[in-house]
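Report on one structure; see the data block that follows.
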Amino acid sequence: LNYDEPILGLIPRLQIVDKKDYTDTGTKEYDRMAFKYLGMLCFPLAAAYCVYSVIYNEHKGWYSFTLNACYGFLLTFGFIMMTPQLFINYKLKSVAHLPWRMMTY
C-alpha cells in the first residue's frame, strides 16, 4: 500500500511491484517480448474473426453476437497469457531437451 499518494486524500493506493528475482533475470524481458509478438498476431486475428462472424455466421441477435465475440476475445487473451511460458523456457534453456519443433506442437 502506498500511503504517500492516497486516492481522494483518504484511501491508500495499491501499488503492485515485480519481485526482485523476476526483474533481475531475463524472464521479464522474454515475457514482454513474447506477449508483444503474440498480441500483434492474435488480436488482429480475433478482430478479423469478429468481422467474419458478423458476415457469415447466423446469430439470434446482437446480444448473441456480442457474447460470442467477448468469449472469443477472452479465449484469445487466455492463449496469449499462457503461451509465453513456452517461449521463456525455450529462450532461457530452463527445460532440458526441448527442441523448437516439439515446442510448436
Side-chain angles (χ1 to χ4, degrees):
L1 293 175
N2 186 357
Y3 293 101
D4 296 332
E5 299 175 15
I7 300 171
L8 300 174
L10 300 171
I11 305 169
R13 187 177 300 271
L14 181 64
Q15 185 176 4
I16 299 173
V17 180
D18 292 331
K19 289 185 175 181
K20 184 177 174 133
D21 57 345
Y22 177 69
T23 57
D24 289 345
T25 62
T27 305
K28 184 174 183 177
E29 176 188 341
Y30 291 133
D31 194 18
R32 187 169 294 168
M33 184 187 332
F35 188 79
K36 180 177 88 170
Y37 290 139
L38 282 170
M40 287 172 30
L41 175 72
C42 290
F43 283 131
L45 287 176
Y49 178 73
C50 282
V51 172
Y52 172 83
S53 179
V54 164
I55 296 171
Y56 294 108
N57 293 344
E58 288 187 27
H59 300 283
K60 291 183 179 181
W62 283 104
Y63 184 71
S64 171
F65 166 73
T66 304
L67 284 178
N68 283 332
C70 288
Y71 181 66
F73 275 107
L74 177 72
L75 291 178
T76 302
F77 188 73
F79 174 75
I80 291 173
M81 289 301 293
M82 296 300 286
T83 306
Q85 188 59 45
L86 294 172
F87 182 75
I88 291 167
N89 289 342
Y90 180 76
K91 283 292 194 179
L92 294 176
K93 309 278 190 243
S94 60
V95 176
H97 309 295
L98 181 65
W100 181 258
R101 289 185 181 153
M102 291 304 291
M103 186 179 129
T104 57
Y105 292 117

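We number each residue from 1, following the sequence as shown.
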Task: Members besides Leu67 in its Ile/Leu/Val/Met/Phe/Trp/Tyr cluster (side-chain heavy atoms under 4.5 Å) - done: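 Under the 4.5 Å side-chain rule, Leu67 groups with Tyr63.
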TODO: Establish whether Phe73 and Leu75 are linked, either directly or via other cluster members, by ILVMFWY side-chain heavy-atom contacts under 4.5 Å.
DONE: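 Each belongs to a different hydrophobic cluster.
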Open item on the list: How long is the straight-line distance from SG of Cys42 back to OH of Tyr37, given to the nearest 0.5 Å?
Closed with: 14.5 Å
Task: Over 12 non-hydrogen atoms of neighbours within 6.0 angstrom of CZ in Phe77 - done: no
Show me the donor-acceptor pairs within less than 3.5 Å that the side chains of residues 44-55 make with the rest of the protein, sequence neighbours left out.
| unit_1 | atom_1 | unit_2 | atom_2 | d |
| --- | --- | --- | --- | --- |
| Ser53 | OG | His59 | NE2 | 2.8 |

